[in-house]
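Just the heavy atoms: all of them, side chains too, but no hydrogens, waters or symmetry mates, feed the values below.
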Amino acid sequence: MQERIIWRKEWLSIYESPFSIYDKICYANVITQSEFFKHFGSPLNNDVSFLLIRGLDYSKIENMISYPLLSQFHNSINNLSENFLSRFTRTDHFYNKDFYYCQICSLTGYHSLFFQFKFIKECPFHMEPLKNICRVCNQPLNYTYYKSSSISQCCTNCNEPVLLHQHTFPSFKSYTMRDIKSQDILDFLNLNLAKKEILKNTVFPQIENQTTKGDLNFVLYCLSERYNYLQNNLNGQNT
């Protein structure tokens with residue numbers, strides 16, 4: 001592998017997943033998935049979130065591309081899950097291990113942590129239902145990084161690339177907060193401190209073993225009702 005690999009910070013979109021970034025690095029530099037792991041592999045650490053792709057040396061990747069990817073990933077993961085966390089749950093409990101993708105985003109080589117979040121059913125940018133099966137053979141996809149001889153991650157059943165890059169490289173589509181069309185997502189990301197505190201004290205039974213997508217709109221509705229109830233009680237005590 002070359003001493004310096006191509007990477008441009010403008011290729012990184014908001015809430016972009018490690019899966020997506022590493023796929024872009026391999027595609028832009030014509031590096032196979034197995035070569036990527038051979039060069040950047042490290043002992044497997046199960047304390048690391050599966051979302052970060054276990055078994056990789058992140059500091060080595062960051063040094064090679066001169067960009068602090070890991071802090072970006074942690075911030076995105078925490079921004080989505082921190083308000084749900086309680087002493088009974090862990091961050092990983094709120095993300096699916098089945099690989100979910102937006103058909104439109106996948107054509108531009110983009111995959112988001114939004115898609116893996118258990119309470120998001122639609123792409124925030126295109127309002128398209130998220131899928132978790134291969135577009136060709138309809139077999140389930142897993143959020144797992146395979147050490148294949150391809151430069152892109154592929155379906156293990158039919159070898160169809162999961163993300164496609166040929167019409168976007170080197171000008172990968174960049175998604176920003178301005179591109180978010182989902183009002184539920186915007187409301188969730190902009191919760192006030194009082195609503196965040198209510199959410200932190202809400203228990204979600206069986207969230208660890210939940211495999212189907214939950215309903216963010218319902219969560220926000222219940223949260224709003226609880227918030228209004230508490231505010232009305234507080235106002236009643238002050239009169």
Practice problem: Taking all heavy atoms of T108 and all of K173, pick out the closest pair and write down the distance. | Solution: CB-CB, 3.8 Å

Quiz item: Are Y22 and F40 close enough that their ring centres sit under 6.0 Å apart?
Solution: no

Exercise. Could you check if a side-chain atom of I14 sits within less than 4.5 angstrom of a side-chain atom of S174, using non-hydrogen atoms only?
Key: no

Self-check item: Derivation and outcome, side-chain contact (heavy atoms from CB on, under 4.5 Å), residues D98 and L141
Solution: CA-CA 6 Å; D98 291 337; L141 297 171; over 6 Å; no

Exercise. Could you tell me whether the side chain of C123 reaches within less than 4.5 Å of the side chain of L130, counting heavy atoms only?
Key: yes

Quiz item: Is there a donor-acceptor pair under 3.5 Å between the side chain of H93 and the backbone N or O of R90?
Solution: yes

Quiz item: Mind checking whether L189 and M127 sit in one hydrophobic cluster, side chains of I, L, V, M, F, W, Y counted as touching below 4.5 Å?
Solution: no

Practice problem: Provide the closest heavy-atom pair for P68 versus S71 in the form atom of the first, atom of the second, distance. | Solution: O-OG, 3.1 Å

Quiz item: Atom NE2 in H165, atom CD1 in I151: separation rounded to 0.5 Å?
Solution: 7.5 Å

Exercise. Assess whether side-chain contact (heavy atoms from CB on, under 4.5 Å) is satisfied between S112 and C105, documenting all intermediate values.
Key: CA-CA 9 Å; S112 177; C105 287; over 6 Å; no

Quiz item: So which heavy atom on T144 is nearest to which on F19, and how close?
Solution: O-CE1, 3.8 Å

Quiz item: To the nearest 0.5 Å, what is the distance between CD1 (I21) and CG (L12)?
Solution: 4.5 Å

Quiz item: Is NZ or CZ of K213 both nearer than 6.0 Å to the six-membered ring centre of Y100 and within 45° of the ring axis?
Solution: yes

Quiz item: What's the spacing between N96 CG and F115 CZ if we round to 0.5 Å?
Solution: 13.5 Å

Quiz item: What's the spacing between L70 CG and L52 CG if we round to 0.5 Å?
Solution: 6.0 Å

Quiz item: How far apart are the C-alpha atoms of Y145 and F37, what are their side-chain angles, what is the distance that settles it, and do they pass the ring pair (Phe, Tyr, Trp, His ring centres under 6.0 Å) test?
Solution: CA-CA 9 Å; Y145 212 80; F37 255 88; 5.4 Å; yes

Quiz item: Do Y229 and L199 share a hydrophobic cluster (ILVMFWY, side-chain heavy atoms under 4.5 Å, transitive)?
Solution: yes

Quiz item: Hey, any chance Y110 and I6 share a hydrophobic cluster, counting ILVMFWY side chains that come within less than 4.5 Å of each other, even indirectly?
Solution: yes

Quiz item: Do Y67 and F36 belong to the same hydrophobic cluster, where Ile, Leu, Val, Met, Phe, Trp and Tyr are linked whenever their side-chain heavy atoms lie under 4.5 Å apart, directly or via other members?
Solution: yes

Quiz item: Is the distance between the ring centroids of F119 and F204 under 6.0 Å?
Solution: yes

Quiz item: Do the side chains of L216 and Y221 join up, straight or via other hydrophobic residues, at under 4.5 Å, putting them in one cluster?
Solution: no

Quiz item: Can you tell which of F125, F99, Y15 makes a ring-ring contact (aromatic ring centres under 6.0 Å, His included) with H111?
Solution: F99

Practice problem: Return the minimal non-hydrogen interatomic distance between C134 and Y101, and the atom names on each side. | Solution: C-OH, 4.0 Å

Quiz item: To the nearest 0.5 Å, what is the distance between CG (L51) and CZ (F117)?
Solution: 11.0 Å

Quiz item: For Q206, does the CD atom have more than 12 heavy-atom neighbours from other residues, nucleotides or ligands under 6.0 Å away?
Solution: no

Practice problem: Check whether any side-chain heavy atom of D184 lies under 4.5 Å from a side-chain heavy atom of I120, and answer yes or no. | Solution: no

Quiz item: Does any N or O in the side chain of S42 come within less than 3.5 Å of the main-chain N or O of L56, such that one atom is a donor and the other an acceptor?
Solution: yes

Quiz item: Is atom NZ of K131 surrounded by more than 12 heavy atoms (other residues, nucleotides or ligands) closer than 6.0 Å?
Solution: no

Quiz prompt | Shortest non-hydrogen contact from S17 toward Y143 | solution = CB-OH, 3.9 Å

Exercise. May I ask you to check whether over 12 heavy atoms, not counting those of K60, lie within 6.0 Å of atom NZ?
Key: yes

Quiz item: Does any non-hydrogen side-chain atom of P170 lie less than 4.5 Å from one of W11?
Solution: yes

Quiz prompt | Verdict with supporting geometry, K200 and N83, side-chain contact (heavy atoms from CB on, under 4.5 Å) | solution = CA-CA 5 Å; K200 284 180 182 292; N83 296 324; 4.2 Å; yes

Self-check item: Under 3.5 Å: donor-acceptor pair, side chain of S76, backbone of Q72
Solution: yes

Quiz item: Which ILVMFWY residues are connected to L107, directly or by a chain of links, through side-chain heavy atoms under 4.5 Å apart?
Solution: L164

Quiz item: Are F84 and F188 close enough that their ring centers fall under 6.0 Å?
Solution: yes

Exercise. Give the C-alpha distance, both sets of side-chain angles, the deciding distance and a yes or no for side-chain contact (heavy atoms from CB on, under 4.5 Å) between K118 and Q210.
Key: CA-CA 8 Å; K118 288 187 176 181; Q210 178 180 319; 4.2 Å; yes

Quiz item: Roughly how far apart are S59 OG and L69 CG, rounded to 0.5 Å?
Solution: 12.0 Å

Self-check item: Test item: R135 side-chain N/O and P161 main-chain N/O as donor-acceptor pair under 3.5 Å
Solution: yes

Practice problem: Would you verify whether the NZ or CZ of K195 falls within 45 degrees of the ring axis of Y227 while also being under 6.0 Å from that six-membered ring's centre? | Solution: yes

Quiz item: Counting heavy atoms not belonging to F218, are there more than 12 under 6.0 Å from its CZ?
Solution: no

Quiz item: So do D23 and Q33 actually touch side chain to side chain, heavy atoms under 4.5 Å?
Solution: yes

Quiz item: For residues R226 and T202, is any side-chain donor paired with an opposing acceptor at under 3.5 Å?
Solution: no

Quiz item: Are the side chain of S13 and the backbone of E16 linked by a donor-acceptor contact shorter than 3.5 Å?
Solution: no

